[in-house]
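Data block below; observations after.
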Amino acid sequence: MTPQSAELGPLVFRFLEYMEAERNASPRTVEAYHRSLHLFRRWAGADFCGWESCGADVFRSWLYEALNEELKPSTIRLRFAALRSFYEYLMRREGLQISPLAEVSLPRARQSLPVHLSLHQMEHLLALPLRLPADKKSPAWLPYRDVAILELFYSCGMRLSELVALNADSLRPGENCIRVLGKGRKVRLVPVGDYAREAVEQYREMAGVQGDEPLFISRLGKRMSCRSVQLMLDKYLRNSELPFHISPHKLRHTFATHLLDAGADLRAVQELLGHSSLATTQIYTHVTKTRMQQVYRQAHPRAGWDD
């Protein structure tokens, strides 16, 4: 138990253990919930009378203060998601009768459309690692590693955390599916296109990674971190024609949007992305709906829509 966990008390400690061991929550989720509970406990200060004694008015006051600080609705909702899960646990396991959060209404989250690359922009990005001058101090396999990373992002739509966790045998020679360890430690098989599979096989042979060794390694032979992948993308952004910042998540958005634009079934895309809920995937239908409207307006002789 960390000092923060000890301050929060045994109920929180058991809740976090439950999230990790029984709900298979990711370490990032457990840490985010821990941080949110700690923020509330610190805010309550000397007036805190125990988790089971907190009423709805206390949480409304905390919400009111967060709104006055002009925190993003998504940040507020994340904090209260931790509290809601905690009180659901108290009702399920610790005998609490009613959750005080049931009477607290939160601001609606702003739903922003995911930014994605066009096909031309994606092809431009995929070509950059082998088009730029090679760094003589870097191993010869390094640009081929970067190609393999970009091709996998675009071919599979995996999360950044999933990509850096891959081992060399996650994609076996000649196979057309890769084993991905996703949220909740769930393993899913994701199809891999020929371009991505060949890029991975070429890099893997050049770098000499095999078996249960990390697939994507740094110059020093260590598993790449999420941060190092973002730095790699930043390097290519500086040498590209792309008009906006690139993130691994934008490449994931690009994967999903291009599939749906080409007529892929929404539920199939849900499985490929590893979304537990179809509602999470449906945000991409707004993007494709916009595209359909553009095509209709430009192509139909009697659309009659103003630009």
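The model shown is predicted, which means the values in this text are computed figures rather than measured ones.
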Under 4.0 Å between a Lys/Arg side-chain N and an Asp/Glu carboxylate O for [X] and [Y]?
| X | Y | answer |
| --- | --- | --- |
| Glu88 | Arg93 | no |
| Glu213 | Arg223 | no |
| Glu162 | Arg188 | yes |

With the 4.5 Å side-chain cut-off for hydrophobic clustering, are [X] and [Y] part of the same group?
| X | Y | value |
| --- | --- | --- |
| Leu78 | Trp62 | no |
| Val190 | Tyr195 | no |
| Leu231 | Leu242 | no |
| Leu83 | Leu106 | yes |
| Trp43 | Val104 | yes |

Just so I know, are the side chains of Arg172 and Arg179 near enough to count as touching, which here means a heavy-atom distance under 4.5 Å? yes

Within the structure provided, determine whether Leu117 and His124 are in side-chain contact (heavy-atom separation under 4.5 Å). no

Apply side chain to side chain contact (heavy atoms under 4.5 Å, CB included) to residues Phe48 and Val58 and explain how you reach the verdict. CA-CA 9 Å; Phe48 184 73; Val58 178; over 6 Å; no

Spell out, as yes or no, whether a donor-acceptor pair under 3.5 Å connects the side chain of [X] to the backbone of [Y].
| X | Y | value |
| --- | --- | --- |
| Arg252 | Gly157 | yes |
| Glu22 | Glu20 | no |
| Arg84 | Leu101 | yes |
| Asp135 | Lys137 | yes |
| Arg197 | Asn176 | no |

Please walk me through it: do Leu166 and Phe216 pass side chain to side chain contact (heavy atoms under 4.5 Å, CB included)? CA-CA 7 Å; Leu166 293 172; Phe216 294 118; 4.3 Å; yes

Can you check side chain to side chain donor-acceptor pair (under 3.5 Å) on Thr257 and Thr254, steps first, answer last? CA-CA 5 Å; Thr257 304; Thr254 300; over 6 Å; no

Heavy-atom closest contact ([X] atom, [Y] atom, distance):
| X | Y | result |
| --- | --- | --- |
| Pro191 | Cys177 | CA-SG, 3.9 Å |
| Gly55 | Pro100 | C-CB, 3.8 Å |
| Val164 | Met224 | CB-O, 3.5 Å |
| Ala168 | Arg204 | O-NH1, 2.7 Å |

Given side chain to side chain contact (heavy atoms under 4.5 Å, CB included), test Gln202 with Val147 step by step and report yes or no. CA-CA 10 Å; Gln202 183 176 13; Val147 170; over 6 Å; no

Just do the side chain to side chain contact (heavy atoms under 4.5 Å, CB included) check on Val192 and Cys156 with the steps written out, would you? CA-CA 6 Å; Val192 179; Cys156 303; 3.8 Å; yes

When Phe40 is tested against each of Tyr87, Trp51, Tyr33 for ring-ring contact (aromatic ring centres under 6.0 Å, His included), which residue passes? Trp51

